[in-house]
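Numbering of ligands and ligand atoms starts at 1, following listing order.
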Amino acid sequence: MSYSGPTTLYIDGEWTAAESGETFVTEDPATEEPYADVAEAAEADVDRAVAAAYEAAHRDGEWRSLGPRERGQHLHAMADAIEERKDEIVNVESHDNGKTPFEASLDIDMVIETFRYYAGWTDKIQGDEVPVPGDRLNYTVREPVGVTGHVIPWNYPFQLAGRSLAPALACGNTAVLKPSSTTPLSALYYAVAAEEAGLPEGVLNVVPGRGSTAGNRLAEHPDVDHVAFTGSTGVGKGVMERASENVTGVTLELGGKGPNVIFPDADLDAAAAGCHYGIFMNAGQMCWAGSRLVVHESVHDEVVDRVVQRAESTPLGSGIDDDGQMGPTVSESQQQEVLDYIETGKEEGATVATGGGVPEDKDAGYFVEPTVFTDVTNDMTIAQEEIFGPVLSVISFSDREEAIEIANDSPYGLMAGVWTSDLKTAHTVAEYLDYGMVSVNEYPVTQPQTPFGGFKESGYGREQGTEALHEYTQTKNVNVNLE
Ligand code: NDP
């Protein structure tokens with residue numbers, strides 16, 4: 001093990017062991033070697049963290065009543081602290097998750113931008129005056145909800161934590177962050193940044209632990225006022241159910257099965273590049289992966305050739321000591337799950353155009369070859385279920401209506417791509433796609449300023465942009481009788 005960063009829980013401004021004294025070992029998925037030994041939070045630790053966050057949310061004269069400009073300065077200071085440690089966090093994230101340093105670096109940059117974006121919002125979160133009959137003054141105030149819980153998956157551990165922490169803190173809330181037990185390390189750097197930024201004790205708490213214990217407790221805790229959950233649709237439904245016992249608000253960012261719809265008039269090189277990036281980045285372990293390529297029959301072969309060629313020229317490796325551009329999947333079980341889906345695709349009659357197994361030249365690491373399936377119909381398992389790995393399913397269409405029908409025939413509705421040079425096609429198809437995010441001639445793309453979230457089983461609520469400010473504030477109406 002060569003990890004030398006933080007390994008304990010961070011509660012109420014203190015680095016602390018789990019009450020049980022338990023720890024768990026994380027693994028480097030590129031080498032299959034143990035990487036770090038981390039304190040394992042369970043229910044009692046989550047209770048301690050929530051109590052600290054509750055106290056900090058209600059303590060007078062500190063976080064809640066801090067002037068908005070000062071709160072913004074704290075967020076900028078968090079961004080500064082993260083920026084100063086960027087190389088270290090990139091390295092940790094690469095070893096813990098398997099993503100390449102290049103990919104990890106993009107994630108950390110996105111977090112820095114997100115904190116700065118919300119730092120600028122702190123003094124602009126305002127209410128309204130409401131015109132009412134009679135001699136009255138009536139106005140609204142947008143107040144923080146209180147304690148926010150953040151349950152984060154393993155595919156973008158640092159980035160997704162920052163995505164919900166930044167708006168929650170900007171709005172004046174306090175936070176308890178539970179990263180995935182598969183990738184708990186980078187989350188602890190938020191605690192380091194909070195210390196450096198001088199956040200009052202208890203404002204930000206980090207509790208690495210398992211979903212079934214720590215995550216579950218956070219979702220059901222009566223003193224948690226909002227749960228921001230990012231993860232699978234199945235677990236998200238359970239989180240929503242448990243939060244509903246206390247009528248606690250939730251933001252759910254769940255799975256996806258994104259279609260990239262390519263029309264014959266598209267720039268096919270650009271489309272192939274976007275489709276490649278959209279499914280093989282992060283080894284395909286992306287909620288917003290463009291895992292279905294829905295292509296017009298007249299350009300099917302040209303597009304497939306280009307995508308296959310790109311897939312076959314992508315070097316696999318961690319990118320740390322080699323020139324790898326696509327890392328391993330996160331764990332042995334994830335690798336096996338992806339390989340099982342590949343077998344199902346073959347059994348159901350799809351054709352492997354490239355990939356379809358583990359690379360022969362790797363002695364270690366949970367790698368899966370970039371895989372492209374052709375002859376896929378949209379009712380096949382590999383076109384309907386989220387594989388969460390580097391597997392692309394190509395489906396052809398004959399006209400615009402059929403393209404829209406195929407794209408929308410999914411339980412998910414997170415992100416879709418449209419590739420065309422015709423403005424009318426672009427806007428019309430964007431209008432008819434049942435997706436929370438549609439991107440034209442670029443895939444995938446998001447910014448701190450743009451709302452992120454899905455339709456249907458891809459989620460509920462929105463992160464990022466001004467929409468997140470509504471998730472993390474509640475409206476109070478004040479009526480004053482002036483007679
Ligand atoms: P999971 O749903 O398995 O886990 C997500 C988080 O929930 C983890 O921290 C996990 O902890 C925790 N968890 C697990 N069980 C429970 C429980 N019973 N109660 C509370 N928390 C629990 O997802 P994965 O980590 O496997 O991530 C992949 C999924 O995330 C994919 O479906 C992907 O599409 C989705 N995702 C969605 C995004 C979006 O923005 N829409 C972005 C990124 C991913 P632990 O890991 O320790 O068990």
(message) Need the ligand 1 atom indices (1-based, order shown) with element for anything under 4.0 Å from a heavy-atom of V239.
(response) 20 (C)

(message) Below 3.5 Å, N or O to N or O, backbone or side chain included: is there any such pair between I152 and ligand 1?
(response) yes

(request) May I ask whether F229 has any heavy atom positioned less than 4.0 angstrom from an atom of ligand 1? (result) yes

(request) Please state whether W154 comes within less than 4.0 angstrom of ligand 1, counting heavy atoms only. (result) yes

(request) Return yes when Q334 approaches ligand 1 closer than 4.0 angstrom through a heavy atom, no otherwise. (result) no

(request) Would you indicate which of Q159, K178, M286 comes nearest to atom 10 (C) of ligand 1 when only heavy atoms are counted? (result) K178

(message) Ring centroids only, cut at 6.0 angstrom: are W288 and Y435 within range, meaning strictly under it?
(response) no

(request) Walk me through it: do R217 and D45 pass the test salt bridge (Lys or Arg N to Asp or Glu O under 4.0 Å)? (result) CA-CA 10 Å; R217 181 62 183 146; D45 305 293; over 6 Å; no

(request) Looking only at distances, please establish whether an N/O atom of ligand 1 is found under 3.5 Å from an N/O atom of S180. (result) yes

(request) State the atoms of ligand 1, each with its element, that fall below the 4.0 Å cut-off from a heavy-atom position in G215. (result) 19 (N), 20 (C), 21 (N)

(request) Using a strict 4.0 Å cut-off to heavy atoms of V151, name the atoms of ligand 1 that fall inside it. (result) 6 (C), 7 (O), 9 (O), 12 (C), 21 (N)

(request) For residues Y190 and F158, establish whether the separation of their ring centroids is below 6.0 Å. (result) yes

(message) Once you measure the plane-to-plane angle for Y472 and H150, does it fall in the parallel (<30°), tilted (30-60°) or perpendicular (>60°) bin?
(response) parallel

(request) Going by heavy-atom distance to atom 45 (P) of ligand 1, choose the closest among C287, G211, P179. (result) G211

(message) Quick check on G453 - does any of its heavy atoms sit under 4.0 Å from an atom of ligand 1?
(response) no

(message) So that I know where these two stand, are Y443 and W419 an aromatic pair - ring centroids less than 6.0 Å apart?
(response) no

(message) Out of all atoms in ligand 1, which are within 4.0 Å of some heavy atom of L160? Include the element for each.
(response) 42 (C), 43 (C)

(request) Specify whether H74 and W63 have parallel, tilted or perpendicular ring planes, treating 30° as the upper limit for parallel and 60° as the lower limit for perpendicular. (result) perpendicular

(request) Could you check if a side-chain atom of I342 sits within less than 4.5 angstrom of a side-chain atom of V368, using non-hydrogen atoms only? (result) yes

(request) Indicate yes or no for a side-chain donor-acceptor contact from T374 to the backbone of V394 under 3.5 Å, with no hydrogens or angles considered. (result) no

(request) Ignoring hydrogens, just give me the one of S232, A214, G436, S164 whose non-hydrogen atom is nearest atom 23 (O) of ligand 1. (result) S232

(request) May I ask you to list the atoms of ligand 1 that are less than 4.0 angstrom from any heavy atom of L414? (result) 41 (N)

(request) From atom 5 (C) of ligand 1, work out which of T230, V235, L252 has a heavy atom at the shortest distance. (result) T230

(request) Kindly confirm or rule out an N or O of E386 lying under 3.5 angstrom from an N or O of ligand 1. (result) yes

(message) Looking at every non-hydrogen atom in both residues, tell me the closest pair between Y341 and T381 and how far apart they are.
(response) CE2-CG2, 3.9 Å

(message) Check this for me - ligand 1, S181, N or O atoms closer than 3.5 angstrom, yes or no?
(response) yes

(request) To the nearest 0.5 Å, tell me how far E40 CD sits from R210 CZ. (result) 4.5 Å

